[in-house]
Amino acid sequence: MIEINKLEKCFGDTQVLTSIDLRVNRGELVFVIGPSGSGKSTMLRCCNRLEEPTSGSILLDGEHVTDCRGRALDRMRLKIGMVFQGFHLYPHKSVLANVMLAQVKALKRSRSEAEARAMEMLDHVGLAHKASAMPSELSGGQQQRVAIARALALDPKVMLFDEPTSALDPELVGSVLKVMKQLRDEGMTMVVVSHEMNFAREAADRVVFMDGGVVVEVGTPEEIFGNPKSERLRAFLSRLQPSGA
Amino acid sequence: MRFLDTFFDGVVMAKYLPDLLLAIVTTLWLSAIIVIGGLALGLALACLRTLGRWYLTLPIVAFADIGRAMPPLVVILIFYFGLPGLGISLSGPMVLILVLGGVLAAFAEEIFWAGLTAVPKGQWEAGRATGLSFAQTLFDVALPQAIRLGIPPLVNRALAITKMTALGSVIGVKEILAVSSSAQSFSGSATPLTMAALAYLAIFLPVVILSRLAERRYAWSV
Amino acid sequence: MSNFIDLFFNLDIMGQAWPLLFKGLIITLKLCAVVIGLGVVGGLLLALGALSPRRWLKWPAVGFIDLFRALPPLVLLIFVYSGLPFAGLDLSPFMAVVIAFFLNNSAYFAEVFRAGIQSVPKGQTEAARATGLGAAQTLIQVVLPQAVRNVLPDLLSNTVEVVKLTSLASVVSLSELLYSANMARSVTYNSSPLVLAALIYLAILWPLVRLISRYQRGIAVH
């Protein structure tokens, strides 16, 4: 489904990603963990070219994401849904309009079709009753679920989650994770960068551990959490323990 | 070549350069008086407004509103051509200083006042609670913060208003534009106008660029 | 006192001058519409240029903006009106005014739009691009609506400045409001037409100036 080959990324003189190779299969939920500054988010952002990779290639269903330019890139991005840490709902548009915008402007759906699809997706994340609200009237958890609906409405082949719960109050995290779990059960291909280790144990098919811009270890949740092989992963996990994560 | 002769005629330039230098001096001292006087008056009015007395606030707000809404050239013409009828004859430079200084004061009052209202109430309470008087709290606590907030818009406004010293050419003030305009009609060459434009650029371009740099600096520090 | 009223608020003379002033007012309004329209469009394009990562777009745009912010609008107007005929370009007063004020105004509007666009968080653009919207769609649908809302007071105050600016057109004998009033003054030897013009400007601009103050206060409180 997604194929990342020898991905490298430099910001000026500092190399943040070094020779990343990763394959994500259809219907798989791949969880990416690692200390802050390990390059997790940068890797995710390279997948839809919000960051420009310095070298290497990324393929989606055999098509090069890294070679796309202009309109072709916009069309490619339609197939890759993204959910941000900061939600980034458009504050000047209602919830419904947020979910409709790209459907109408980028997918060229008719307004009635886009509205029907938007309502369906809002219902899916449990927020159909908030369709006419403005983003500022919603809690963080609700805003993030609208952001998920906004991405899903475009019928993406894969969903990228960039620390989707990090900006949320603890009591609101659950509602977002529930939606993600539901998506997984429906067979959506997902790549999730997050610190929610319990969720990783429960829902991930594979866990990727990154540190210092390289992929250090890949395995099932049992392997990664139960039997960490590398010293760096053991150190990372032991630092997490006291916080009860 | 014809273009160069028309707009950059060396002979014409040499001939009118001394006059233009004098005019630059005139523009500069007019600008200095207008900026200093306008800012001082605007600051004083904003401070008076903090007293919260309606008989002070009302005329101050009226002055600030009229000063901001009225085209300066209209007021300049009224002062210059109208006041002599009342036996008050003001020289051209005097009219320019009064009107442009007043306009700057009107804008500065609003900017200082907006800055003062942006200072959190807790700052005033902290000042008063530590035994400072109203005036001490105003001058030592609130005003420094208000002025800091107001610097970028004040620089822009002061720049815009000092550029209006060119309006002096309409009422016979021998500033840059007036001198170069008359030189243009005497010499029959566009060169004096080029010189005027260059003179203004020499004065104001550094200010524009500095304010751009200052803004970047300011944006970083926030 | 009666002398003062006779000289400045003479209703008879105001009544006689009114038809002339009304014609002038129409020209002023036309001028405003053209200059504001062009200024907004030009300013937006310049702002996009100045924010572009491409150097060959960015530096000319920034240079243009700074150059025309540094030149007094009256100097620009005289240069276009009296200078360009030397280069074989004869312009009607209206065209000269439109060109000169377009250059001045688009630079000012550009600065406002630039600040507005920069005030929109980067995440907004990223979210829009991530959903497959193109650069132009992102700008029009997502960035500009927020940018305009964030700098609305500045856009309004720039608009007020344009209306005031059009009074300078009187200097090149364009028969707008101030020119007509000054004409009436010189015929009647009485300043009442100028005062009437001032009152008309005030009637148009005072509500806008109030609105701007209201907005600034609103921002200060939040």
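So you know, we letter chains A, B, ... as the sequences are listed, proteins then strands, and number each from 1. Just so you know, these numbers come straight off a predicted model, no measurement behind them.
Within 6.0 Å of atom CZ in C:Phe68, more than 12 heavy atoms from other residues, nucleotides or ligands are found, so the atom counts as buried in its surroundings. Within a 6.0 Å radius of CH2 in B:Trp124, more than 12 heavy atoms belonging to other residues, nucleotides or ligands are found.
For the options B:Leu73, B:Ile176, B:Asp65, B:Leu83, heavy-atom pairs under 4.5 Å to chain C are most numerous at B:Asp65. Of the residues considered (C:Leu7, C:Val171, C:Leu208), C:Leu7 shows the highest number of contacts with chain B, using heavy-atom pairs under 4.5 Å. For the set B:Ser189, B:Ala64, B:Pro153, the entry with the most heavy-atom pairs within less than 4.5 Å of chain C is B:Ser189. For chain B, the option among C:Leu84, C:Val163, C:Val62 with the highest count of heavy-atom pairs below 4.5 Å is C:Val62. With chain C as partner, the option from B:Leu159, B:Thr162, B:Leu167 having the largest number of non-hydrogen pairs under 4.5 angstrom is B:Leu167. Interface summary for chain C: among B:Leu205, B:Leu86, B:Ile66, the most heavy-atom pairs under 4.5 angstrom belong to B:Leu86.
Side-chain N or O atoms of C:Thr166 include none that pairs as donor or acceptor with a backbone N or O of C:Thr28 at under 3.5 Å. Under a 3.5 Å cut-off, the side chain of B:Ser31 and the backbone N or O of B:Thr27 do form a donor-acceptor pair. Using modelled atom types, one side-chain atom of C:Ser119 and one backbone atom of C:Gly116 make a donor-acceptor pair closer than 3.5 Å.
Interface remark: C:Val209 contributes backbone and side-chain atoms alike to the contact with chain B (heavy atom separation under 4.5 Å). With a threshold of 4.5 angstrom between heavy atoms, C:Leu165 does not approach chain B through any atom at all. Proximity to chain B is absent for every atom of C:Ser192, based on heavy atoms less than 4.5 angstrom apart. Looking at B:Phe107, the atoms closer than 4.5 Å to chain C (heavy atoms on both sides) all sit in the side chain, from C-beta outward. For a residue to count as touching a neighbouring chain, one of its non-hydrogen atoms must lie under 4.5 Å from one of that chain's; by this rule B:Leu177 touches chain C with the side chain only. Looking at C:Tyr108, the atoms closer than 4.5 Å to chain B (heavy atoms on both sides) all sit in the side chain, from C-beta outward. Heavy-atom distances place both the backbone and the side chain of B:Val208 under 4.5 Å from chain C. Residue contact with chain B, scored on non-hydrogen atoms closer than 4.5 Å, involves the backbone and the side chain of C:Val195 alike. Neither the backbone nor the side chain of C:Ser186 comes within contact range of chain B, judged by heavy atoms closer than 4.5 Å. For C:Ile78, the parts lying under 4.5 angstrom from a heavy atom of chain B are both the backbone and the side chain. Looking at C:Leu168, both its backbone and its side chain come within 4.5 Å of chain B, counting heavy atoms on both sides. For B:Ile203, no part lies under 4.5 angstrom from a heavy atom of chain C. Only the side chain of C:Asn182 comes within contact range of chain B, with at least one heavy atom under 4.5 Å from a heavy atom of that chain. Contact annotation for C:Leu74: both backbone and side-chain heavy atoms come within less than 4.5 Å of a heavy atom of chain B. Heavy-atom distances place no part of B:Val119 under 4.5 Å from chain C, backbone and side chain included. In this structure, the portions of C:Phe79 lying under 4.5 Å from any heavy atom of chain B include both its backbone and its side chain.
A salt bridge is absent between C:Glu161 and B:Arg68; no separation between the charged side-chain nitrogens and carboxylate oxygens falls under 4.0 Å. For B:Glu110 and B:Arg49, the salt-bridge test passes: some basic side-chain N is under 4.0 Å from an acidic carboxylate O.
Side-chain contact between C:Pro193 and C:Gln16 is absent, with no heavy atoms from C-beta onward closer than 4.5 Å. Within the 4.5 Å cutoff, no side-chain heavy atoms of C:Val120 are placed close to those of C:Thr125. Within the 4.5 Å cutoff, the side chain of C:Tyr179 has no heavy atoms near those of the C:Val172 side chain.
Taken to the nearest 0.5 Å, the CG atom of C:Leu205 stands 8.0 Å off from the CG atom of C:Leu202. Note that OG of C:Ser106 is 11.0 Å distant from CZ of C:Phe113, once rounded to the nearest 0.5 Å. Between atom CD1 of residue B:Ile151 and atom CD1 of residue B:Ile147 there is a gap of 7.5 Å, rounded to the nearest 0.5 Å. Considering CG of B:Leu96 and CD1 of B:Ile33, their distance stands at 10.5 Å, rounded to 0.5 Å.
Both the sub-6.0 Å distance and the 45° axial angle are not jointly satisfied by C:Arg69 relative to the ring of B:Phe204.
Inspection of non-hydrogen atoms places B:Ser181, B:Gln184 of residues 180-187 of chain B under 4.5 Å from chain C.
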**Study point:** Test log, rule salt bridge (charged side-chain N to carboxylate O under 4.0 Å, His left out), inputs B:Arg212 and C:Glu111
**Key:** CA-CA 10 Å; B:Arg212 189 179 283 284; C:Glu111 280 298 278; 3.3 Å; yes

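With B:Val95 as the fixed residue, the side chain to side chain contact (heavy atoms under 4.5 Å, CB included) test singles out one of B:Leu100, B:Ile171, B:Val173: B:Ile171.
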